[in-house]
Asks: 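Questions regarding the structure given below will be posed in turn.
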Amino acid sequence: MTSPFTFWDARTAEEAAALLSKKGAMALGGGVDLLGEMKEGIRAPEHIVNLRSIPGLDKIQKTDRGWRVGATALLTDIADHADLRKDLPGFAESAEAVATPQIRNQGTIGGNLAQRPRCWYYRAAEFACVKKGGKGCPAEKGENRYLAIFGDGPCHIVHPSDCAPMLVALDARLFLRGPDGARDLPIADFYELPSKNALCEFTLKPGEFIEAVEIPTALPRSTYVKIREKDSFDFAIAACAIAGKIDGDHFTDARVVLGGVAPVPWRSVTAEANLRKNTIADAVEPASNSATDGARPMSQNAWKIPMTKAAVARAIRSFLPR
Amino acid sequence: MAKRTLRVGYPGNYREIEVDSPDAEPAPWDADSKLAVVGKRSPRLEGADKVTGKAKYTADVKLQGMLVARVLRSPYARATARSIGLAKALKMPGVKAAIEVEKEARYHGQAIAAVAAETEAQAEDAVAAIEVDWAVGEHVVDVEAARKPNAPRVHGGKNPNERGGEAQNTATEEACVTALKKSHATVDITFTTPVVTHSCLESHGSVARWESDGSLTVWDSTQSIFGVRDGLARGFQLPAEKVRVVKEHMGGGFGSKLGMGQHSMIAARLAREAKAPVKLMLTRKEEHLAGGNRPSSVQRVRAGADKDGKLTCLWLQSHGTGGINGGANCAGPLMSLYNCPVRRLWHADVITNASPAAAFRAPGHVQGMFALESTMDELAGKLGLDPIEFRKRNDQNEMRQAEYGEGAKMAGWEARAHLPNSGGRHKARGLGVSASIWGGGGAPGAQARCVISRDGAVEIQCGTQDIGTGTRTIIAMIAAEELGLKPEQVLVKLGDTTLPFSHGSGGSMTAPSVTPAVRAATAAARGRVFEACAKSLKADADNLTAKGGNVVAKGGASIPWAEACSKIAGANVSEQATRAQNFRGYKDGTAGCQFAEVEVDLETGHVQVLRVVAVHDCGRVVNPLLAESQINGGIIQGLSYALLEQRILDDATGRMMNANFSDYRIAGPKEIPEISVVLFDVSNGRTNTGVMGIGEPPIVPTPAAIANAVAHAIGKRITDLPITPDKILAALGKK
Ligand SMILES: Cc1cc2nc3c(=O)[nH]c(=O)nc-3n(C[C@H](O)[C@H](O)[C@H](O)COP(=O)(O)OP(=O)(O)OC[C@H]3O[C@@H](n4cnc5c(N)ncnc54)[C@H](O)[C@@H]3O)c2cc1C
């Protein structure tokens, strides 16, 4: 069922912020995720505000602070950008890891970062779970094979985005625009655990939307390794984003952020420590093993532990000389 | 009946047999027949229409004043609608009709009510406005839970959920125990397979229109136009001639479209209420919820073999669920493939609150072959025998024996112990094999008509349907062969119940049932052309042949086909023929085998199928391109079943959780292996064409071959399909 809505083509960021301040308004990027939610009957916007009609919002450009990628830049354009890939290989890989060519041709980076979770109970209108303002999590005693091993509830979604963990590892900043102007914050602070806010993975003030993401080039070595159950397209069973600096045979600085295993991009400080204190070759075992420290799997998802270790090991090994 | 001597068999192994074939029919083709069109790689006649979007599927049918229907489906696995309020829905904008379908919901997704409106959006809104007063009941979706004595009874009353028991004419338990005790090697393994949905790319659907004379026309995405016709005629108490069913093209059925579906009835009922044509196409979600599925299975197999590698006993105890239906028996391969002196079967269908099963490409055989051929590999291991050698010792089918030889060569079986590997200690390769077995001999009764016009135009009319397999093309090829023409010169009319009768397209029956009728009708019509033109060639009609676009007399005189046809008195000649019984020819049933090479990622449990070598036979191969296409499809579907697909129901609510193509994983481009096909062209002398079906055989061995390859790669056997990474990791002891 699709309730009626008004469709707006925003012309400027300011206009978009004003339109998004209307009751029941939602931003539209490529619509890949939003339309799915509407079709399932779990989302019924009264106003849809198209951001792709804003000229220049899809720009990918190098600035003196690094790379600035506009919210409506397509995942395809990020993956195919040769200069960006040179500076930020992991970011390009993460965009390329998303879904299928068709979806990457339609999906925007803004929509990717603000996309909603894929938990089956959340996506089915019949279940009134805590993420939809109801009570409890039916997955705890139900189908949880693809859900979180970190995060401790009360909702156990995994954050579905491939780009988000990579951008956290790269210390990216999000630039938000709202009716009261612009603000920016580290992307890691954009995402919140369900214990803080079970209803949404991030907090945007009324009328606010992502205008751009800025990624510094201070961490020149990066990679994104994603493990899928089905290779043709699949959300991550487990993923590992690593960004850092390498001197000779070891990392001098390193961020290890896990995807597909927690309600938010999940930074593993212990894996990072193990990565810094060993040579790359010697770090594979301790870093990958420690990455799942503190994991608390549910009835069906303990298999994500070896998957996560494999993702981390593989990501680290990719920095070894071939 | 005429006695005819035919050369039958396969290359390298021919023999002569005598068959009785109907006098009126042309002499059956055999190994010596020199054919100009049949057996050649010939592109689909409708291929260009399909890739350019010109081909019209049911969903493309647009009629004047046509409404769109939507169905309200039960959100509960078990509930009773105390009342179904349609009044509010009927007052919604654009709504022209609303009907009640069913008050007792026994599975999530069962149709409860339906509406027809001017637009799809209006219909969806109206469905949401239907007021149902639900009394939610107790459900059971788990197979084991449903077997318990205190489980909720799915069909109410005292009806037990478990139905079945011991098979007739199998050995006693004692005989099995004795045989197993005396065996040199034994295994006892329990295999499980999931419920999978057909996932046809074109969903089920109908467009129904009532005509002014009270007759009903329905465009339907169906494998059985006459089945739909008869179902609708019964439903509306009409004579069958008052119902016409049309199906031009189809985007997949796999067995789920073999009878009249509920949607056809709903569309026709709404059309009658609304006094306007109604289209009802199921959504993807509805396809998963109510479009049919392959039943699950739990198969405990006990088997033994003696020192010489001969089977001593095959014992199968199985159960499975086809939801509110039965049909979970999968003993076919175990009961028929190998020589074995002692066989015992016990099977029960377990009824659960889940959507009804439907025939699915080689029903039962896919599940059964997985268990049987996994068992054979385990036994071979215990006996220290090569898996192929062990199979050959127990298989009396000479054709399959030869097929193993060809396949083993192509698959590199000799080097099985030393397979290369792309990822060092993180990867492992394996090569596995499985036998195939299926029927596919066709059935009598199919009819075809050949109409040849004075201008030389040839039309074949046959009430079969092309479900995407290429039936249209092979019909044209058979007729073209008889007439010395090209397939493009034959217009094929099918997919309409106003045409001569043919069966539903299931059981790999279409090509073997239809081609003999087409050939006989065409030969008869050709005879009439010969009679008409004999005089101009100054020859006897009996001494004429049609080849290379000409009618040729024995002496060498010839005239072009169109000129020959111009001698027809009247507008055309028309001959109809009915497919006869199979003759007692060379072989009934198809053999075949497949080899799968896989690489397993030992860190992630991911299985990549690198290559499948498929050796199959289907009697005379009319068109290798189409046969290979069926084999490719069967392998891909079998691979998807082996590694990815499973319907997941939430136990607490009985709802299907993965009713979409993102969470219900189907093999995509990256999963598809290199496929090498070897076709054994067999002259079987069972009909005038000797054609057999190849729709089902190629899916039968794929999952078993893959499972055997995985076991070979990792040294551990996964007995539970699909072989997902978690199972591999668990088998490898990874935590
Ligand atoms: C079959 C399938 C497979 C997928 N696989 C993957 C995968 O492997 N990896 C992955 O990461 N994702 C995957 N996705 C999810 C996702 O749809 C895409 O990643 C895509 O990037 C979404 O972008 P969009 O522009 O289409 O988003 P939209 O659908 O337009 O928007 C998504 C959400 O974000 C909001 N939004 C959009 N733009 C902004 C903005 N600028 N500021 C604030 N909010 C905004 C919308 O209101 C909406 O709620 C998959 C989706 C499907 C359907």
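In this text, all values refer to a predicted model and were calculated from it rather than measured experimentally. Atoms considered below: every heavy atom in the structure, side chains included; atoms not considered: hydrogens, waters and symmetry mates.
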Asks: Between A:E143 (side chain) and B:M657 (backbone), is there a donor-acceptor pair under 3.5 Å?
Replies: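 No, A:E143 side chain to B:M657 backbone: no donor-acceptor pair under 3.5 Å.
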Asks: Quick check against the 3.5 Å criterion: does B:T604 have a side-chain atom that pairs as donor or acceptor with the backbone of A:M307?
Replies: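 No, B:T604 side chain to A:M307 backbone: no donor-acceptor pair under 3.5 Å.
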Asks: I need the residue from B:A652, B:P725, B:G605, B:A123 with the largest number of non-hydrogen atom pairs under 4.5 Å to chain A.
Replies: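 Most heavy-atom pairs under 4.5 Å with chain A: B:P725.
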Asks: Any donor-acceptor pair under 3.5 Å linking the side chain of A:E229 with the backbone of B:T724?
Replies: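 No, the answer is negative, given that no donor and acceptor are paired below the 3.5 Å cut-off.
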Asks: Think B:R665 forms a cation-pi with A:F235, using NZ or CZ under 6.0 Å from the six-ring centre and within 45 degrees of its axis?
Replies: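 Checked: cation-pi criterion not met.
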Asks: List the atom of A:A310, the atom of B:E603, and the distance in Å for their closest heavy-atom pair.
Replies: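 Shortest heavy-atom separation between A:A310 and B:E603 comes out as CB-O, 3.7 Å.
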Asks: Would you kindly check if the NZ (Lys) or CZ (Arg) of B:R655 is within the cone defined by 45 degrees around the ring axis of A:Y121 and under 6.0 Å from the six-membered ring centre?
Replies: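 That pair does not qualify as a cation-pi contact.
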Asks: Checking A:A311 against chain B: side chain, backbone, both or neither under 4.5 Å from a heavy atom?
Replies: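 Neither part, no heavy atoms under 4.5 Å.
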Asks: Check this for me: B:E138, atom CD, are more than 12 non-hydrogen atoms of other residues, nucleotides or ligands nearer than 6.0 Å?
Replies: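 No, because the 6.0 Å sphere around CD of B:E138 holds 12 heavy atoms or fewer from other groups.
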Asks: Work out which heavy atom in B:F661 is nearest to a heavy atom in A:F233; give both atom names and the distance.
Replies: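 Looking at all heavy atoms of both residues, the shortest contact is O-CZ, 3.5 Å.
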Asks: How many angstroms lie between atom CG of B:D663 and atom CZ of A:R118, to the nearest 0.5 angstrom?
Replies: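 If we round to the nearest 0.5 Å, B:D663:CG and A:R118:CZ are 7.0 Å apart.
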Asks: Return the minimal non-hydrogen interatomic distance between A:S232 and B:G668, and the atom names on each side.
Replies: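 That would be OG-C, 3.0 Å.
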Asks: Quick one: CZ on A:F127 to OG1 on B:T653, what's the gap to the nearest 0.5 Å?
Replies: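 Reported value, rounded in 0.5 Å steps: 3.5 Å.
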Asks: Go through the side-chain N and O atoms of A:W120 and B:N658 and say whether any donor and acceptor fall under 3.5 Å apart.
Replies: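 The answer is no; no qualifying pair exists.
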Asks: How long is the span from the CG atom in B:L729 to the CD1 atom in A:I305, to the nearest 0.5 Å?
Replies: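 Here the interatomic distance stands at 11.5 Å.
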Asks: Is B:Q608 in contact with chain A via its backbone, its side chain, both, or neither, using a 4.5 Å heavy-atom distance?
Replies: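 Looking at B:Q608, just its side chain touches chain A.
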Asks: Select one option (side chain, backbone, both, neither) describing which atoms of B:N660 are under 4.5 Å from chain A's heavy atoms.
Replies: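 For B:N660, no heavy atom lies under 4.5 Å from chain A.
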Asks: Against chain A, label B:L649 side chain, backbone, both or neither, depending on which of its atoms sit under 4.5 Å from a heavy atom there.
Replies: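 The answer is the backbone of B:L649.
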Asks: Take B:H606 and A:D231 through the test side chain to side chain contact (heavy atoms under 4.5 Å, CB included) and record every step on the way to the result.
Replies: CA-CA 9 Å; B:H606 183 266; A:D231 270 349; 3.3 Å; yes
Asks: For B:K735, which atoms come within 4.5 Å of any heavy atom of chain A: side chain, backbone, both, or neither?
Replies: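 Just its backbone gets close to chain A.
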Asks: Which bit of A:R145 is near chain B, if near means a heavy-atom gap under 4.5 Å: side chain, backbone, both or neither?
Replies: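 For A:R145, side-chain heavy atoms alone lie under 4.5 Å from chain B.
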Asks: Under 3.5 Å, is there a donor-acceptor pair between the side chain of A:K230 and the main chain of B:I666?
Replies: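 Confirmed, A:K230 side chain pairs with B:I666 backbone.
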Asks: Salt bridge check, A:E40 against B:K285: does any charged N sit closer than 4.0 Å to a carboxylate O?
Replies: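 Salt bridge between B:K285 and A:E40, a charged N being under 4.0 Å from a carboxylate O: yes.
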Asks: Could you tell me which portion of A:D234 (side chain, backbone, both or neither) has an atom closer than 4.5 angstrom to a non-hydrogen atom of chain B?
Replies: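 Contact with chain B involves the side chain of A:D234 alone.
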Asks: Quick one: what part of A:K304 sits under 4.5 Å from any heavy atom of chain B, side chain, backbone, both or neither?
Replies: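 Contact with chain B is absent: no heavy atom of A:K304 under 4.5 Å.
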